[in-house]
Amino acid sequence: MSAKVRLYLVATLLALGLGIALTKAGTLQLLRGSKLKHLAERQYIRPKLYGNYRGDILDRKGRLLASSVSVDSVYAEPKRINNATQVVKSLGKAIRLNRVQIEKLSSDRSFIWLKRRIDPNTANKVRNMDLEGIGLAEERQRFYPNHGLLGQTLGFVSIDGQSLGGIEQAFERYLKPKSWKTLALQDARGNPIRQHVSPPEEALAGNDIMLTIDRNIQSVTEEILQKTVKKHGAKAGWAIVMKPKTGEILALANVPLMNPNRPSKHDQKARRNNAISLTREPGSTFKIMTFAAAYDLGLVKPDEKIYCEKGRWNLGYMTIKDVSKKEWLTPAEIFKYSSNVGTYKIAERIGPKRLYETIKKFGFGELPGLHLLEEAPGFVSNYKSWHKTRFANMSFGYGLMASPLQVVMMVNTIANDGLKVSPAILKGIHKHGADTLANPLPSSAPIQVISKEAAQAVKNMMLVEYGHKGSARRAAIPGMLIAGKTGTAEKLDDTGRYNKKLNISSFVGFAPANNPQIVALVSIDEPQGIAFGGYVAAPAWREIVEAALLE
Amino acid sequence: MLSRMILVSSAILILMGIVVVYSSSGVMAHFGYHDSMFFLKRQILFLFLGGMAFISAWILDPRLYQKYAYYIYGVAIFLLLVVLIPGVGKAAGGASRWIALGPFRLQPGELFKVALVVYLAMSLAKKGHKMQLFRVGIIPHLVLPGIAMGLLILEPDFGTTVIVALVTFTMLFIGGARVAYLLGGILISIPVAVHLIASSPYRMARMAAFLDPWSHRQESGYQVVQSLMTLGSGGWFGKGLGHGPSKLYFLPAAHTDFILAVIGEELGFLGVALVITCFAALLYVGFTVALKTKDKFKSYLAAGLTSMLIIQATLNFFVVMGLVPTKGLTLPLVNYGGSSLIVGCWMMGVLFRLSRELGR
């Protein structure tokens with residue numbers, strides 16, 4: 001082998017090596033490039049979440065019901081702490097640390113919370129210590145400036161931002177802050193190097209939502225309820241105040257109040273929104289349905305007389321009893337004296353099928369449509385399964401389950417001359433700080449469920465004139481004609497029997513009767529002593545409606 | 001023409017090196033030395049010294065190296081001994097490869113490599129046809145480099161040891177040693193290399209990382225995986241100078257041994273191809289000079305220096321691309337490091353001188 005050949009051979013081999021390197025570079029950069037790039041970027045770029053401002057909840061006039069305030073929380077990065085003993089000693093002057101936390105401070109963890117949501121004073125103390133590895137993080141805390149006002153309806157937000165119940169949870173998709181992924185470049189040690197500009201907080205804040213609630217009416221309603229519950233030694237009370245034409249809820253009160261700022265202080269029962277979730281047998285208020293069906297079908301005449309069996313009618317399979325022992329009564333008198341006998345006699349003319357159809361048309365057994373998770377649909381069994389007793393009971397409000405909201409909606413349809421609207425609690429949604437409204441919730445078109453004439457006939461029966469006698473007289477407002485119905489429903493006790501001592505006393509009605517502006521329901525749960533709705537609930541109803549009419 | 005190719009190729013490599021050294025070391029220098037231009041400034045200073053080395057190599061008659069080859073080799077060996085003296089040799093990462101000279105560090109391994117080429121070129125030229133004989137062609141040329149390799153292993157500097165071995169074999173082959181003897185030598189060295197790897201836990205870890213870097217990506221394979229991701233991120237045109245995030249402590253030795261990955265990341269495949277092309281040009285020039293030079297010593301010197309340059313560059317590429325296990329190997333002319341750059345410039349100066357002599 002000549003020297004030249006040897007040189008050529010070596011040069012060729014070396015060139016081959018460079019060729020291999022070039023090929024490999026091409027493979028890595030051009031063929032596997034995007035895969036490797038993706039893998040690399042996963043470590044450089046971490047999505048960072050900005051925007052922690054949950055939208056406000058406002059009343060119909062823009063007054064705050066729920067807001068978010070910033071608070072500081074103390075955290076530690078134990079990895080960066082050199083002298084844990086010194087840090088514990090210093091920190092101890094401001095916040096109390098437990099044994100576990102002190103142990104963790106000496107570990108090599110990268111992050112631990114020391115104390116969430118501290119007051120501004122403590123925050124300043126910690127800030128001034130300027131300890132290496134100890135930091136303050138700004139967090140948002142949900143704040144309800146009116147304390148217990150509308151508490152059960154608003155729901156609350158947990159310490160980790162989880163919405164629990166009520167408006168907070170039902171409208172989470174609007175309220176929650178927008179997540180914002182930014183390319184936060186970080187080095188291998190996790191230090192941020194460069195952050196892309198984040199949009200202003202307003203752009204990332206959740207949407208504000210405006211409720212149909214009027215804070216003043218809500219407040220008055222709650223006060224009156226509290227007063228009434230106290231006066232009668234009752235367990236609880238609830239009330240709904242509504243605008244008849246739009247179905248907008250002005251007040252949705254549950255007493256005792258629940259303060260969503262401190263949800264842990266209230267048990268599960270106190271957090272319940274009874275006004276929309278508690279289903280009970282509605283009792284004599286429900287007679288409105290029987291009369292509505294009868295008038296709509298033209299089965300009764302206002303001036304006819306119906307024999308009421310002196311308040312006791314033995315049908316063989318059951319005995320229907322009345323409180324007032326009357327003989328011949330007009331439909332209006334049957335309604336006024338709340339005669340079960342008379343009501344059933346009218347129901348017999350209607351028959352189960354047509355009564356059932358009317359009940360369903362009024363929305364019983366279905367969700368009213370507030371879009372709140374607590375809403376209850378109640379229960380109405382199909383008429384085909386009704387035996388005679390069930391049918392009789394049904395005609396005067398037993399044997400079915402309905403929520404207070406459903407009862408209000410029934411009366412609302414009467415107030416609207418038979419036009420059924422959907423109830424509403426959400427008035428609008430708008431960008432945080434802006435004032436343009438847009439309601440994205442589907443609202444079903446109003447439906448005429450009974451004829452106008454039938455509705456007016458029922459309305460006429462419900463009229464309560466000031467100064468007149470009758471069970472509803474305490475609801476009467478001076479100088480104004482109102483329409484309403486008392487209700488005194490017996491509750492089932494623990495043994496499963498109707499207990500005359502356990503009642504829900506209620507009054508539901510609207511005012512003024514000829515041009516309804518306000519529909520309202522007031523229920524008092526288990527009042528002591530006299531439990532008649534006209535005695536317990538009617539005065540509270542009058543006070544609430546008077547206040548609402550003024551607003 | 002040849003001399004111009006040397007100037008252009010080495011200038012491209014050196015300038016690209018300086019720019020990328022700045023890009024890849026800036027952040028680290030800013031936090032480590034409170035001066036983002038710490039490494040840049042030093043590299044520019046080294047380039048100045050390198051320029052002087054280039055000019056002296058251009059002026060000096062290469063026959064001087066031939067004349068003083070033993071002395072040069074002796075000094076280089078001496079420095080390899082000095083670096084082993086505790087206190088004198090600067091340890092970094094478990095190895096003592098540097099001698100502190102004020103604020104600078106001399107890496108005797110870099111000097112030794114060129115001393116070896118000079119010695120071998122001189123010796124091969126002297127022995128001529130007797131190279132065929134085992135006693136003359138092989139034995140002496142294994143003894144002297146063998147001593148050096150032993151010292152390098154003691155540092156330990158496995159990368160330079162491998163380069164020394166490869167350069168020695170290459171030059172013996174060029175010098176006319178029998179292929180059978182060389183193959184025998186390779187066969188003997190394999191168990192030695194295996195023993196060296198197996199006896200050192202970190203070399204074993206590197207071997208495991210080499211075989212399957214992605215499974216060891218959090219430990220021993222970290223550097224390789226980072227290097228592959230960094231290089232791969234560049235695509236055709238790269239992310240642009242200064243825009244690669246790998247230098248944010250992700251890729252260790254970003255401005256030294258792994259600078260090619262950063263070049264690939266910021267300048268793309270085109271940047272890498274340019275680097276490889278420049279080395280290919282130097283390979284062409286070096287061997288053309290070796291072929292055309294009548295003087296045996298000069299021919300061997302040109303071939304030896306070029307071989308060493310290309311072998312080291314290629315091995316560096318292979319390390320960065322995960323084709324061979326990781327070892328401490330610089331990319332001549334390009335990456336940060338005074339000894340490496342100055343010696344590289346001297347080599348370019350010698351090749352430049354030899355290419356100019358052809359024309360006469």
Side-chain angles (χ1 to χ4, degrees), chain A residues 1-48 77 79-80 108 110 132 181-196, chain B residues 27-28 31 170-171 173-176 179 214 225-226 228-236 238-239 244-252 260 264-265 268-269 272-273 275-277 279-280 283-284 286-288 290-291 296 299 303 306-307 309-311 313-318 320-323:
Chain A
M1 214 188 289
S2 81
K4 260 192 179 166
V5 172
R6 287 183 183 232
L7 277 174
Y8 275 123
L9 207 64
V10 169
T12 310
L13 279 173
L14 291 176
L16 196 69
L18 289 177
I20 291 171
L22 190 67
T23 314
K24 182 70 180 175
T27 319
L28 286 172
Q29 298 192 272
L30 308 179
L31 301 181
R32 290 177 62 198
S34 52
K35 177 97 198 294
L36 289 167
K37 187 177 176 179
H38 176 72
L39 283 168
E41 279 175 356
R42 275 220 314 239
Q43 52 178 359
Y44 310 144
I45 295 169
R46 293 278 162 84
K48 197 174 155 94
E77 296 170 277
K79 251 185 181 172
R80 294 178 52 195
D108 62 344
S110 49
E132 174 77 16
K181 273 185 185 175
T182 185
L183 310 175
L185 201 58
Q186 59 168 18
D187 68 19
R189 300 163 190 179
N191 296 318
I193 291 296
R194 170 162 52 99
Q195 289 183 354
H196 291 239
Chain B
V27 173
M28 185 259 280
F31 289 108
T170 306
M171 287 193 70
F173 175 75
I174 291 170
V179 177
W214 293 93
V225 165
Q226 288 296 332
L228 291 176
M229 292 195 301
T230 305
L231 189 70
S233 299
W236 273 102
K239 294 180 169 177
S246 67
K247 57 188 164 253
L248 304 174
Y249 311 108
F250 288 102
L251 178 64
L260 185 80
E265 181 188 33
F269 177 69
V272 174
V275 170
I276 295 176
T277 307
F279 278 107
L283 170 65
Y284 169 79
F287 275 80
T288 308
L291 280 165
K296 282 260 176 204
S299 174
T306 309
S307 301
L309 181 81
I310 302 303
I311 287 171
T314 306
L315 277 181
N316 178 278
F317 298 155
F318 284 5
V320 168
M321 296 170 187
L323 289 171

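Residue numbers begin at 1 in each chain, while the letters A, B, ... track the order of the sequences. We use all heavy atoms of the structure for the numbers below, so side chains are in, but hydrogens, waters and symmetry mates are not.
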Notebook entry, point to check: Step by step, would you call A:K24 with B:L231 a side chain to side chain contact (heavy atoms under 4.5 Å, CB included)?
Noted result: CA-CA 11 Å; A:K24 182 70 180 175; B:L231 189 70; over 6 Å; no

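Across all their heavy atoms, B:V272 and A:A25 have their closest contact at CG1-CB, 3.7 Å. Between A:V10 and B:S307, the shortest heavy-atom contact is CG1-OG, 4.0 Å.
Of the atoms belonging to B:L291, heavy atoms from both backbone and side chain fall under 4.5 Å from chain A. At a 4.5 Å heavy-atom cutoff, the contact between B:I174 and chain A is made by backbone and side-chain atoms alike. Heavy-atom distances place both the backbone and the side chain of A:L18 under 4.5 Å from chain B.
To the nearest 0.5 angstrom, A:I20 atom CD1 is 4.5 Å from B:F318 atom CZ. Interatomic distance, B:T170 OG1 to A:L14 CG, rounded to the nearest 0.5 Å: 6.5 Å. If you take CE on B:M229 and NE2 on A:H38, they are separated by 11.0 Å, rounding to the nearest 0.5 Å. Atom CD of B:E265 and atom CG of A:L36 lie 11.5 Å apart (nearest 0.5 Å). In this structure, CG in B:L283 is found 9.0 Å from OG1 in A:T12, a value given to the nearest 0.5 Å. Here the straight-line distance linking atom CZ of B:F173 with atom CG of A:L9 works out to 4.5 Å at 0.5 Å rounding.
Contact tally against chain B (heavy-atom pairs below 4.5 Å) for A:L31, A:T27, A:L30, A:L22: the top residue is A:L30. Per-residue counts of heavy-atom pairs under 4.5 Å with chain A were compared for B:Y284, B:F279, B:F287, B:F317; the largest is that of B:F287. The candidate from B:G238, B:G286, B:G268 with the greatest count of non-hydrogen atom pairs under 4.5 Å with chain A is B:G268. With chain A as the partner, the residue from B:L315, B:V320, B:I310, B:L260 showing the most heavy-atom pairs under 4.5 Å is B:I310. By number of non-hydrogen pairs under 4.5 angstrom with chain A, the leading residue of B:A303, B:A280, B:G176, B:G234 is B:G176.
Under the 4.5 Å side-chain criterion, counting only non-hydrogen atoms from C-beta, A:L28 is not in contact with B:F269. Between A:T23 and B:M321, the closest side-chain pair of non-hydrogen atoms is not below 4.5 Å.
Not one N or O on the side chain of A:Q29 forms a donor-acceptor pair closer than 3.5 Å with the backbone of B:W236.
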